[in-house]
*Asks:* 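The structure's right below; bear with me while I get my questions together.
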Protein chains: 2
Amino acid sequence: MIDHTSLLNSGAILKKYKRGEFLFQEGSIARYYYQVHQGEIKMNNYNQEGKEYIQGIFTKEKSFGEPPLFADFKYPANAEAIVDSEVWQLPKEKFLKFLEENPHIHHKFTSTLALRLYYKAIMVSEISTQEPEHRILRILDYFKKNSEPGITESKIYKVELTRQQLADLTGLRVETVIRSIKKLEQKGELFIKDRKVYR
Amino acid sequence: MIDHTSLLNSGAILKKYKRGEFLFQEGSIARYYYQVHQGEIKMNNYNQEGKEYIQGIFTKEKSFGEPPLFADFKYPANAEAIVDSEVWQLPKEKFLKFLEENPHIHHKFTSTLALRLYYKAIMVSEISTQEPEHRILRILDYFKKNSEPGITESKIYKVELTRQQLADLTGLRVETVIRSIKKLEQKGELFIKDRKVYR
DNA sequence: CCTACTTTATGATCAGAATCATAAAACTAT
DNA sequence: ATAGTTTTATGATTCTGATCATAAAGTAGG
């Protein structure tokens, strides 16, 4: 989102996180702008029984957790490293100052927020009204679309998500995801090779 | 969101919609900025079987449907008048020009988007991991908080939503909402008087 | 006032996803 | 190579919210 030179010039530092480590917790105050340098970060919630919901997964160069920097509220979810990762960290004030000085980048963040809202609107409606197979296809298509810019429908996409992650993204249980994927394969909506899903 | 004088100066017009009328449909291209002047507008989705999901309800002076004006995508939901309403309509180009000339207002829209993202993040997590009673309390608290700025927890809030609307906001069925509300009353989380819910 | 419709309500039944149990295959770390 | 963990897999059972049926109370329009 922000190039490395600008990050360094603005005073960002690169921090390392081990797989499973938290960058911040649900309910805490937002103090930094974050951008993935290496690895994978997920934002998630756990309910009382420990069931997880994954709000989003962020990879190389993607920023996350900015919304509370723009309005006055606490983090609605945790940020947790999926694998060992390196993440740029820029203090809130410096981030906001940088945006003021770079209206073009500010615009990019506004449209990123808009796009994320679009995705959330779709997912919340899917989860509340559609059956498992439909939900799973939506998530797969979303990840496919975001995998490489301008990927065509005809091109085959290899899903790198585990069944458990798909479950946590769609609000389903892992067994339900496994069974639904099997049914989707029978229907020809996707295929499985060496346990990996392709769509 | 934008004051009436500015709206008029920028070239906005006031349009009337009858209860049940659509302002735009899911999948169509965004051409206007909308702001409620009188009445109530909901954004919603219908699935194949006609089951509705309400993304949000917008009242006096609230804007809606801006995200696709900031990024390149189609409406993820419909906009439908809940009651007879009057809505300001400003062409996209004029809206974006107005924002450019008024960075302060632009900032307000960015934080509105951030806040809406916050609400969606909470709802999608609630819907996918929490049971009916929990979901309903969340929605009630959200509407309570937005009913008047700075409402305290101790103050009693009268819920103007119907059971059906609560169902469509939480992804539940109307019978489930009715039964859950009864249980919540027994637990002392809210009370019912003349069929109206108070929290 | 009368008729339509909407909203709230309640009981009975059903269905589908969650849960529980178990296990094999595939990685990971030592 | 070995032990431990994660991932995928499948069958049996349970349970909760959806569905179906029905009705009374409330509201709106002519």
Side-chain angles (χ1 to χ4, degrees), chain A residues 18-20 40 42 47-54 80-84 126-136 139-140 158-186 190-198, chain B residues 18-20 39-40 42 47-54 80-84 126-137 139-140 158-186 190-198:
Chain A
K18 286 235 172 302
R19 162 196 164 84
E40 260 183 307
K42 64 180 170 185
N47 75 357
Q48 302 73 41
E49 290 88 46
K51 188 184 175 195
E52 182 178 2
Y53 176 75
I54 300 180
E80 189 178 342
I82 298 179
V83 296
D84 292 0
E126 282 284 318
I127 288 177
S128 65
T129 68
Q130 306 287 2
E131 350 71 269
E133 293 176 32
H134 202 277
R135 296 194 215 175
I136 291 168
I139 277 287
L140 295 182
K158 183 182 180 185
V159 180
E160 298 288 0
L161 299 161
T162 66
R163 310 289 195 270
Q164 185 61 59
Q165 286 174 332
L166 283 170
D168 296 338
L169 283 159
T170 51
L172 298 166
R173 289 302 190 170
V174 66
E175 298 95 328
T176 306
V177 169
I178 290 168
R179 291 186 247 252
S180 299
I181 286 178
K182 295 260 151 108
K183 274 195 193 163
L184 285 167
E185 188 184 29
Q186 283 165 26
L190 49 79
F191 68 93
I192 305 170
K193 207 196 157 199
D194 291 337
R195 310 170 126 210
K196 283 282 164 202
V197 176
Y198 296 81
Chain B
K18 287 234 174 300
R19 161 197 164 82
E40 260 183 306
K42 64 180 170 185
N47 75 354
Q48 301 73 42
E49 290 88 45
K51 189 183 174 193
E52 183 178 1
Y53 176 74
I54 299 180
E80 188 178 343
I82 298 179
V83 296
D84 293 0
E126 282 283 319
I127 288 178
S128 64
T129 67
Q130 306 289 1
E131 352 71 88
E133 294 175 33
H134 202 278
R135 295 194 214 176
I136 291 168
L137 284 185
I139 276 286
L140 295 183
K158 182 183 180 185
V159 179
E160 297 291 0
L161 300 161
T162 65
R163 309 288 195 272
Q164 184 62 59
Q165 285 175 333
L166 283 171
D168 295 339
L169 282 159
T170 51
L172 299 166
R173 289 302 190 171
V174 66
E175 298 94 328
T176 305
V177 169
I178 289 168
R179 291 187 247 251
S180 299
I181 286 178
K182 296 259 151 108
K183 274 195 193 163
L184 285 168
E185 189 184 29
Q186 284 165 24
L190 48 80
F191 69 92
I192 305 171
K193 206 196 157 198
D194 291 337
R195 309 170 127 213
K196 282 284 165 202
V197 177
Y198 296 81

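Side-chain atoms are counted along with the backbone in the values below, which use heavy atoms only and exclude waters and symmetry mates. Lettering follows sequence order; numbering is per chain, from 1.
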*Asks:* Which nucleotide wins on minimum distance to the side chain of B:Arg195, given the candidates C:dA18, D:dT8, D:dG26?
*Replies:* D:dG26
*Asks:* Is there a side-chain polar atom (N or O) of B:Arg173 under 4.0 Å from OP1 or OP2 of D:dT19?
*Replies:* yes
*Asks:* Searching all strands shown, indicate the nucleotide that pairs with D:dT27 (Watson-Crick or G-U wobble; both distances under 3.5 Å).
*Replies:* none
*Asks:* Return the value, rounded to whole Å, for the distance between atom CD1 of B:Ile127 and atom P of D:dT16.
*Replies:* 20 Å
*Asks:* Between C:dA18, D:dA25, C:dT10, which nucleotide has the shortest distance from any of its atoms to the side chain of B:Arg179?
*Replies:* C:dT10
*Asks:* B:Ile82 CD1 to C:dT6 P: how many Å, rounded?
*Replies:* 15 Å
*Asks:* In whole angstroms, how far is the P atom of D:dA18 from the CG atom of B:Asp168?
*Replies:* 12 Å
*Asks:* Round to the nearest Å and state the distance from A:Leu190 atom CG to D:dT8 atom P.
*Replies:* 14 Å
*Asks:* Hey, is the side chain of B:Lys182 poking within less than 4.0 Å of OP1 or OP2 on C:dT10, counting only N and O atoms?
*Replies:* yes
*Asks:* For A:Val174, which of A:Leu172, A:Thr176, A:Ile178 qualifies under side-chain contact (heavy atoms from CB on, under 4.5 Å)?
*Replies:* A:Ile178
*Asks:* Where does C:dA4 land, syn or anti, given syn is within 90° of 0?
*Replies:* syn
*Asks:* Just how far, in rounded Å, is P of C:dC20 from CD of A:Glu49?
*Replies:* 11 Å
*Asks:* Looking at CZ of B:Arg179 and CZ of B:Arg173, how far apart are the two atoms once the value is rounded to the nearest 0.5 Å?
*Replies:* 13.0 Å
*Asks:* Categorize A:Glu175 for me: base, sugar-phosphate, or nothing, with a 4.0 angstrom heavy-atom threshold over every strand shown.
*Replies:* base
*Asks:* Which whole-number value in Å describes the distance from B:Ile181 CD1 to C:dT10 P?
*Replies:* 12 Å
*Asks:* For B:Gln164 and D:dA18, what is the distance between atoms CD and P respectively, to the nearest whole Å?
*Replies:* 12 Å
*Asks:* Let's see if you can work this out: which of C:dA17, D:dA9, D:dA18 has an atom nearest to the side-chain heavy atoms of A:Pro132?
*Replies:* C:dA17
*Asks:* May I ask you to verify if any side-chain N or O of B:Lys196 is less than 4.0 angstrom from the OP1 or OP2 atom of C:dT8?
*Replies:* no
*Asks:* Using a 6.0 Å cut-off, check whether atom NZ of B:Lys196 has over 12 heavy atoms from anything other than its own residue.
*Replies:* yes
*Asks:* With a 4.0 Å limit, can you tell me whether A:Arg163 has a side-chain N or O closer than that to the phosphate oxygens OP1/OP2 of D:dT7?
*Replies:* no
*Asks:* Less than 4.0 Å between a side-chain N and a carboxylate O, is that true for B:Glu52 and B:Lys42?
*Replies:* yes
*Asks:* Could you let me know what C:dA4 is paired to, Watson-Crick or G-U wobble, both distances under 3.5 Å, or none if it's on its own?
*Replies:* none
*Asks:* CD1/A:Ile54 to CD/A:Glu80 distance, rounded to the nearest 0.5 angstrom?
*Replies:* 9.0 Å
*Asks:* B:Thr162 side chain N/O closer than 4.0 Å to the phosphate oxygens (OP1, OP2) of C:dT7?
*Replies:* no
*Asks:* Mind calculating the distance between CD1 (B:Ile178) and P (D:dG26) to the nearest angstrom?
*Replies:* 15 Å
